[in-house]
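Step one of this worksheet: look at the structure below.
Numbers for residues simply follow the sequence, beginning at 1.
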Amino acid sequence: MPRARDRRRPPWSRTRPEERAAILDRAADLMQRDFAANAELARAESGATTGTARSMQVAVGAARFRRYARGALEPVEEAIPPQINEAGPMGRAGVFGALAVRQAVGVVTCITSYNNPWANPAGKVAPALAMGNTVVVKPAPQDPLSVYRMAEALAEAGVPAGVVNVVTGSGPAAGEAAVDSPDVDMVSFTGSTAVGQRIAEVCGRGMKRQLMELGGKGAAVVLDDTDLDAAVAGIGTTFSFYSGQICTAPTRVLVQRGVHDALVERLTAYAGHLPVGDPAAKGTVVGPVISAAHRDRIESYVELGRKEGARVVTGGERPAGHDRGFYVAPTLLADCTNDMRVVREEIFGPVVVVVPFDDEEEGIALANDSDYGLIDYVWSGDVARAFRVARRLRAGGVGVNTTGRNMEAPFGGFKRSGVGRDVGSYALRAYSELQAIVWPG
């Protein structure tokens with residue numbers, strides 16, 4: 001931490017925004033220059049398919065540095081309307097002006113997730129640097145090499161020594177030190193709610209700033225007037241995208257009874273046609289999960305679902321013919337109820353649970369009956385109806401007839417899904433402190 005502390009103020013936070021922007025832009029160029037090698041490394045260490053490693057990991061990571069190169073040039077001062085004050089104990093009467101100024105927080109510890117070793121750290125490091133902070137990056141122990149590659153690009157781009165620091169470790173000691181150090185002013189964490197709670201406790205003792213993107217159990221509310229094929233394509237991303245290892249996945253399908261059977265049938269067919277295999281092979285859609293331990297955890301949830309009374313419609317067993325790697329077949333659990341653990345807890349794998357409901361009010365109630373509230377989804381053929389339902393969902397984001405994202409919209413969770421918001425200009429606010437300067441007119 002001392003190197004990061006030494007580089008806090010001055011000089012990095014006092015560099016001209018144009019200089020920080022140029023460095024971040026060069027870093028993006030370098031990541032693109034080595035695009036093929038970076039994607040191959042991401043695929044090899046995370047198990048993502050080649051297409052995902054290229055388009056959703058390295059490409060998104062580079063794009064985020066490009067975005068926050070522009071972000072470094074966004075105004076940090078906001079004029080406040082003048083206020084007329086009468087004479088009193090605080091001083092003479094007068095017109096008082098004010099300015100709100102965003103400043104760097106200081107040293108930011110960025111603890112990143114294993115499911116996206118490029119986009120996730122880039123979404124923390126780039127805006128933090130743009131605002132003049134120094135960073136200590138603690139990558140997930142399962143796939144740290146991509147973060148080292150990112151740090152090398154930043155160094156080559158001209159980031160001074162000590163501004164970007166990477167610490168690794170397979171045990172908890174490295175992460176604990178990176179959080180608890182008195183030299184750290186803020187912690188940005190992506191991971192499980194349980195670990196986030198422990199980090200929050202430590203941060204609370206030191207009054208450190210926090211940005212937490214935690215677990216999710218995304219509800220997909222499918223109304224009876226929807227285009228079922230569109231709903232299936234969106235929900236089906238749970239099976240294919242990162243093999244379900246993503247907190248924003250629509251894993252909890254709440255479907256109106258009139259279309260329940262048809263939706264289950266189509267989801268079953270969709271899952272059955274997804275090629276499972278080597279992530280480097282052309283045509284593979286579902287690759288392995290991150291580790292044997294995580295595969296076993298997912299399988300234990302499927303077995304738990306059986307014991308709770310859920311019906312395994314498809315999947316539930318290891319796909320045949322894959323001796324190398326940790327594969328889980330796309331799995332669909334039907335006949336579920338909202339009190340089952342498989343419905344309430346984050347599985348983090350290619351497992352979708354289906355719960356029927358009768359009317360709109362019940363669907364909304366079921367969606368909100370969750371400890372989580374990261375991103376929910378609504379599918380309906382009536383856009384006005386879909387928006388009406390979306391406004392009543394207790395989630396940080398809601399996708400209406402889509403699982404797509406607007407990368408300028410705020411991202412973060414309600415309830416146990418997190419604290420704070422980032423993405424777009426919201427990330428620049430998250431990695432800054434707000435100071436008020438007041439003067440008499």
Worksheet item: With a 4.0 Å cut-off, would you call Glu40 and Arg43 a salt bridge?
Response: yes

Fill in: Interatomic distance, Ser417 atom OG to Lys217 atom NZ [nearest 0.5 angstrom]
11.5 Å

Fill in: Thr190 and Asn120: side chain donor to acceptor below 3.5 Å
yes

Worksheet item: So do the side chains of Thr251 and Val351 get within less than 4.5 Å of each other, counting heavy atoms only?
Response: no

Fill in: Qualifying residue, where the test is side-chain contact (heavy atoms from CB on, under 4.5 Å) with Val353 and the options are Thr337, Leu333, Asn338, Asp335
Leu333

Worksheet item: Which is it for Arg385 and Asp224 under the salt bridge (charged side-chain N to carboxylate O under 4.0 Å, His left out) test, yes or no, and what are the steps along the way?
Response: CA-CA 11 Å; Arg385 183 187 188 194; Asp224 57 7; 3.3 Å; yes

Worksheet item: In Å and rounded to the nearest 0.5 Å, what is the CD to CG distance from Glu346 to Leu214?
Response: 9.5 Å

Worksheet item: Does Phe387 CZ have over 12 foreign heavy atoms under 6.0 Å away?
Response: no

Worksheet item: Do the side-chain N and O atoms of Lys124 and Ser188 include a donor-acceptor pair separated by under 3.5 angstrom?
Response: yes

Discussion item. Side chains of Thr112 and Lys138, heavy atoms from C-beta outward: is any pair under 4.5 Å?
Written reply: no

Worksheet item: Judged by atom type as modelled, is there a donor-acceptor pair below 3.5 Å linking the side chain of Ser46 to the main-chain atoms of Ala48?
Response: yes

Worksheet item: For residues Glu433 and Gln103, is any side-chain donor paired with an opposing acceptor at under 3.5 Å?
Response: no

Discussion item. Can you tell me how far apart CG (Leu366) and CD (Glu362) are? Round to the nearest 0.5 Å.
Written reply: 5.0 Å

Worksheet, complete the sentence: When Asn116, Thr237, Thr49, Asn115 are each screened for side-chain hydrogen bond (donor to acceptor under 3.5 Å, both in side chains) with Tyr242, the one that passes is Asn116

Worksheet item: Minimum heavy-atom separation for Gly132 to Trp12, with atom names?
Response: O-CD1, 3.2 Å

Fill in: Worked verdict on Val354 versus His260 for side-chain contact (heavy atoms from CB on, under 4.5 Å)
CA-CA 9 Å; Val354 181; His260 173 273; 3.9 Å; yes

Worksheet item: Step by step, would you call Thr134 with Val108 a side-chain contact (heavy atoms from CB on, under 4.5 Å)?
Response: CA-CA 6 Å; Thr134 60; Val108 180; over 6 Å; no

Worksheet item: How far apart are the closest heavy atoms of Trp118 and Ala42, and which atoms are they?
Response: CD1-CB, 3.9 Å

Discussion item. Does the Lys NZ or Arg CZ of Arg405 fall within the cation-pi geometry relative to Phe411 - under 6.0 Å from the ring centre and within 45° of the axis?
Written reply: yes

Discussion item. Is any side-chain heavy atom of Pro139 closer than 4.5 Å to one of Pro121?
Written reply: no

Worksheet item: Counting only N and O atoms by type, is there a donor-acceptor contact under 3.5 Å from the side chain of Glu345 to the main-chain atoms of Arg341?
Response: no

Worksheet item: Within the side chain of Asn133, is there an N or O that forms a donor-acceptor pair under 3.5 Å with the backbone of Val105?
Response: yes

Fill in: Main-chain N/O of Val276 paired with His322 side-chain donor or acceptor, under 3.5 Å
yes

Worksheet item: Heavy atoms, side chains only, cut-off 4.5 Å: are Glu213 and Cys247 in contact?
Response: yes

Practice prompt. Report, as yes or no, whether the 6.0 Å neighbourhood of atom CD on Glu408 holds more than 12 heavy atoms from other residues, nucleotides or ligands.
Written response: yes

Practice prompt. Measure the OH-CE distance between Tyr301 and Met340 for me, rounded to the nearest 0.5 Å.
Written response: 14.5 Å

Worksheet, complete the sentence: Between the CG atom in Asp376 and the CZ atom in Phe414, the distance rounded to the nearest 0.5 Å is 10.0 Å

Worksheet item: If you look at every heavy atom in Gly106 and Asp185, which pair is closest and at what distance?
Response: CA-OD2, 3.4 Å

Worksheet item: Would you call Asp296-Arg318 a salt bridge at under 4.0 Å N-O?
Response: yes

Worksheet item: When you measure from the side chain of Thr226 to the backbone N and O of Leu228, does any donor-acceptor pair fall under 3.5 Å?
Response: no

Worksheet item: Charged N to carboxylate O below 4.0 Å: is that the case for Asp229 and Arg266?
Response: yes

Discussion item. Any side-chain to backbone donor/acceptor pair from His294 onto Phe348? Under 3.5 Å, distance only.
Written reply: yes

Worksheet entry | Main-chain N/O of Arg429 paired with Ser432 side-chain donor or acceptor, under 3.5 Å | yes

Item to complete: Could you tell me whether the side chain of Asp371 reaches within less than 4.5 Å of the side chain of Lys415, counting heavy atoms only?
Response: no

Worksheet entry | Pair Arg26 + Glu156: basic N to acidic O under 4.0 Å | no

Worksheet entry | Test: Arg392 and Glu361 ion pair at under 4.0 Å | yes

Worksheet item: Checking Asp358 side chain against Gln256 main chain: does a donor-acceptor pair fall under 3.5 Å?
Response: no

Fill in: Tyr431 side chain near Leu211 side chain, heavy-atom distance below 4.5 Å
yes

Response to the item:
Nearest heavy-atom contact between Val286 and Pro330 is CG2-CG, 4.1 Å

Discussion item. Quiz question: by atom type and distance under 3.5 Å, do the side chains of Ser146 and Glu45 form a donor-acceptor pair?
Written reply: yes

Discussion item. Using the rule given for side chain to side chain donor-acceptor pair (under 3.5 Å), can you reason through Ser425 versus Glu74, listing the C-alpha separation, both sets of side-chain angles and the distance that settles it, and then say yes or no?
Written reply: CA-CA 8 Å; Ser425 296; Glu74 292 185 22; 2.8 Å; yes

Item to complete: Determine the minimum heavy-atom distance between Trp379 and Gly234, stating which atoms define it.
Response: CZ2-CA, 3.8 Å

Item to complete: Return yes when atom CD of Glu265 has more than 12 non-hydrogen atoms of other residues, nucleotides or ligands closer than 6.0 Å, and no otherwise.
Response: no

Fill in: Any donor-acceptor pair under 3.5 Å from Thr238 side chain to Ile235 backbone
yes

Discussion item. Leu129 vs Leu154, test: side-chain contact (heavy atoms from CB on, under 4.5 Å). Steps then yes/no.
Written reply: CA-CA 10 Å; Leu129 294 179; Leu154 286 163; 4.2 Å; yes

Worksheet entry | Ionic contact status for Arg66 with Asp29, cut-off 4.0 Å | yes

Discussion item. On a heavy-atom basis, which atom in Arg297 and which in Ile347 lie closest, and how many Å separate them?
Written reply: NH1-O, 2.8 Å

Discussion item. Using only atom types and a distance under 3.5 Å, with no angle test, would you say the side chain of Asn401 pairs donor to acceptor with the backbone of Ser380?
Written reply: yes

Worksheet item: Are Val58 and Arg54 close enough, and set up right, to give a side-chain contact (heavy atoms from CB on, under 4.5 Å), and what steps lead you there?
Response: CA-CA 5 Å; Val58 180; Arg54 292 174 67 89; over 6 Å; no

Worksheet item: In terms of side-chain geometry, is the basic nitrogen of Glu360 or Arg388 positioned less than 4.0 Å from the acidic oxygen of its partner?
Response: yes

Discussion item. Please determine whether the number of non-hydrogen atoms from other residues, nucleotides or ligands lying under 6.0 Å from atom CD of Glu78 exceeds 12.
Written reply: no

Fill in: Step-by-step salt bridge (charged side-chain N to carboxylate O under 4.0 Å, His left out) determination, Asp34 to Arg149
CA-CA 10 Å; Asp34 301 328; Arg149 189 73 61 82; over 6 Å; no

Worksheet item: If you count the non-hydrogen atoms of other residues, nucleotides and ligands that lie under 6.0 Å from CZ in Arg394, is the total more than 12?
Response: no

Worksheet item: Side chains of Asp25 and Phe65: does their closest heavy-atom pair fall under 4.5 Å?
Response: no

Worksheet item: Taking side chain as C-beta onward, heavy atoms only, is Val253 less than 4.5 Å from Leu263?
Response: yes

